[in-house]
Chemist: 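Below is the structure I would like to discuss, written out as structure tokens.
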Amino acid sequence: MNTAGRLAAFRRRLAGEEGEAALVTLPVNMRYLTGFEGVFDEGIAAAVLVTADVARFYTDFRYAEAAKVAAAGTPWAVHIQADSLYVEICRELRAEGISTLTIEDSVPFGRFKFISEQFIGRVVVAEHQIEDLRQVKETAEIEAIQRAAALTDRAFDHILGFIRAGMREVDIAVELEGYMRMNGSEGLAFDSIVASGPNSARPHAGVTDRVINDGEFLKLDFGARVDGYCSDMTRTVMVGEATAEHRRIYDAVLLANEAAIAGARAGMAGSDIDAIARDLLTAKGFGENFGHGLGHGVGLAVHELPSLGRASRGPVRSGSVVTIEPGVYLPGFGGVRIEDLVVVEDGGVRLLSHSPKELIQV
Ligand code: ZN
Ligand code: ZN
């Protein structure tokens, strides 16, 4: 991972926005900037401070050893903090003559308020500073996502041989998740969705103990995490025999998925990529049944920039990794979503998901 390049790019961006010092406190952004692994958790009091000539990582006693190992040979200095992390950082900034401090727009409000009260000077909330940098992936990042996607494909292949009518959704979720964990996934990219019959008509149904019947859709949305990077894929299979109505819905979603994959390329607005799938589903009479955006960026976080939705105006940049996930949901009956992970390039998109997409009856 090119962490020296990331730090340089972040400093250029900070300077471009006339920022003097930036305090980064969200684990995913700290991980991206430093490239450190195994020293972040959601509950940790840690922070990253960047100025034109300071690159400092603050952590506590629990991660002291790991952080020093991770920082060896990098531009990062490690400071081990005692109790009051932000109080001490604000005191140091004052001593160093810093008068303007930039913080992320996604920090919890309580933290923003606390830092604003502690810092003698101006606190500036910067929009998507690191999130923008994270959009365009390095080759090594794409390779990590590719490994996570390959594991997701293998898990799908495995679960096809496991699913039977009469099982509960949770039985399938546990088997799917167990397979990914046993084969190299670091936890899960996100909470899986295993939704059967009428539950599949809810886009984010989760997993219940509902027993799956013959003649129902089964929607599986799941992802692995490899070297910190996520994958995200949805397949909808038919348990038992598909009716003409099942096929009509499935074929429309597949057509929309394939058309968006064929038509998307770097430089297009996210809304224009979304429109390829949406216009097709609207023409098939399913416009009202596709109520979410077509896709989202995937990387260290499973949902990140760029977004591909009706309101996504900005151009999608070459090197972004996004999902293409049209869906049709008919309340009371069922729903279909087909989601692939792709790398956006100048000439088009490259698929990272390779699981079959024809309607599979199990
Ligand atoms: Zn998904
Ligand atoms: Zn997704």
Chemist: Restricting to salt bridge (charged side-chain N to carboxylate O under 4.0 Å, His left out), what partner residues turn up for Arg91, sequence neighbours left out?
Modeler: none
Chemist: Centre of Tyr32's six-membered ring, under 6.0 Å away, within 45 degrees of the axis: is that where NZ or CZ of Arg6 sits?
Modeler: yes
Chemist: Can you find a side-chain donor-acceptor pair between Thr323 and Glu325 that sits under 3.5 Å?
Modeler: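 There is such a pair (donor and acceptor under 3.5 Å, judged by atom type) between the side chains of Thr323 and Glu325.
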Chemist: Taking Thr34 for the side chain and Met30 for the main chain, is one N or O donor matched with an acceptor at less than 3.5 Å?
Modeler: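 Yes.
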Chemist: Taking 4.0 angstrom as the limit, do Arg154 and Asp157 come out as a salt bridge?
Modeler: no
Chemist: Indicate yes or no: does Asp272 engage Arg310 in a salt bridge with an N to O separation below 4.0 Å.
Modeler: no
Chemist: How far does CG of Leu220 sit from CD1 of Ile163, to the nearest 0.5 angstrom?
Modeler: 5.0 Å
Chemist: Would you say Asp153's side chain and Ser355's backbone share a donor-acceptor pair under 3.5 angstrom?
Modeler: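 Confirmed, Asp153 side chain pairs with Ser355 backbone.
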Chemist: Side chains of Asn257 and Glu339 only: does a donor on one sit below 3.5 Å from an acceptor on the other?
Modeler: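 No donor-acceptor contact under 3.5 Å links the two side chains.
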Chemist: Look only at the side chain of Ser185 and the backbone of Leu188, and say whether a donor-acceptor pair between them is shorter than 3.5 Å.
Modeler: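 Flag not set: sc Ser185 to bb Leu188 has no pair under 3.5 Å.
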Chemist: Can you say whether the rings of Phe36 and Phe40 are parallel (under 30°), tilted (30 to 60°) or perpendicular (over 60°)?
Modeler: parallel
Chemist: Are Arg122 and Ser99 close enough that a side-chain donor and a side-chain acceptor fall under 3.5 Å?
Modeler: no
Chemist: Atom CZ in Arg225, atom CZ in Arg181: separation rounded to 0.5 Å?
Modeler: 11.0 Å
Chemist: Ring centres under 6.0 Å, that's the criterion: do Phe290 and His292 meet it?
Modeler: yes
Chemist: Can you give me the closest heavy-atom contact between Ala126 and Thr102, atom names plus distance?
Modeler: CB-CG2, 3.3 Å
Chemist: Do the two ring centres, one from Phe217 and one from His246, sit under 6.0 Å apart?
Modeler: yes
Chemist: Strictly below 4.0 Å, N to O, side chains only: are Asp346 and Arg265 in salt-bridge contact?
Modeler: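 So Asp346 does not pair with Arg265 through a salt bridge.
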Chemist: Using side chain to side chain donor-acceptor pair (under 3.5 Å), reason through Ser320 and Gln135 one step at a time and then give a plain yes or no.
Modeler: CA-CA 5 Å; Ser320 305; Gln135 285 191 58; 4.5 Å; no
Chemist: Report yes or no: do His79 and Glu88 form a side-chain donor-acceptor pair below 3.5 Å?
Modeler: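 No, because no side-chain N or O of His79 sits under 3.5 Å from a partner of the opposite role on Glu88.
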Chemist: State whether the side chain of Glu141 and the backbone N or O of Glu138 hold a donor-acceptor pair below 3.5 Å, judged by distance alone.
Modeler: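 Present.
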Chemist: side-chain hydrogen bond (donor to acceptor under 3.5 Å, both in side chains) with Tyr329: which of Arg337, Arg202, Glu288, Lys219?
Modeler: Arg337
Chemist: Could you tell me whether Glu92 and Arg56 have a side-chain N and a carboxylate O separated by less than 4.0 Å?
Modeler: yes
Chemist: Checking Asp232 against His296: is there a side-chain donor and acceptor pair closer than 3.5 Å?
Modeler: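 Yes - a donor-acceptor pair under 3.5 Å links their side chains.
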Chemist: Where do Leu23 and Glu104 come nearest, in terms of heavy atoms and distance?
Modeler: O-OE1, 4.0 Å
Chemist: To the nearest 0.5 Å, how far apart are CD1 in Ile103 and CD1 in Ile115?
Modeler: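 The distance works out to 5.0 Å.
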Chemist: For Ala264 versus Ile273, what's the shortest heavy-atom pair and its separation?
Modeler: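 Here Ala264 and Ile273 meet closest at CB-CG2, 3.8 Å.
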Chemist: Looking at every non-hydrogen atom in both residues, tell me the closest pair between Ala45 and Leu85 and how far apart they are.
Modeler: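 Where Ala45 meets Leu85 most closely, the heavy atoms are C-CD2, 3.6 Å.
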Chemist: Can you tell me how far the CG atom of Leu33 sits from the CD atom of Gln129, to the nearest 0.5 Å?
Modeler: 9.5 Å
Chemist: What distance separates Leu341 CG from Met233 CE, expressed to the nearest 0.5 Å?
Modeler: 10.0 Å
Chemist: Salt bridge between Glu18 and Arg13, side-chain N to carboxylate O under 4.0 Å?
Modeler: no
Chemist: Verify, without hydrogens or angle tests, whether Glu216 (side chain) and Asn213 (backbone) share a donor-acceptor contact under 3.5 angstrom.
Modeler: yes
Chemist: Between Ser231 and Thr152, does any side-chain donor sit less than 3.5 Å from a side-chain acceptor?
Modeler: yes
Chemist: Tell me which donor-acceptor pairs under 3.5 Å the side chains of residues 279-286 have, and how far apart each pair is, sequence neighbours excluded?
Modeler:
residue : atom : partner : partner atom : Å
Thr282  : OG1  : Arg278  : O            : 2.7

Chemist: Going through the checks in order, is the side chain to side chain contact (heavy atoms under 4.5 Å, CB included) test met by Leu352 and Val321?
Modeler: CA-CA 9 Å; Leu352 298 178; Val321 173; 4.1 Å; yes
Chemist: Locate the shortest heavy-atom distance separating Asp227 from Glu186; write the atom from each residue and the value.
Modeler: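 Between these two residues, the closest heavy atoms are N-OE2, 2.7 Å.
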Chemist: When rounded to the nearest 0.5 angstrom, what distance separates CE in Met182 from CD in Glu177?
Modeler: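 Answer rounded to 0.5 Å: 14.0 Å.
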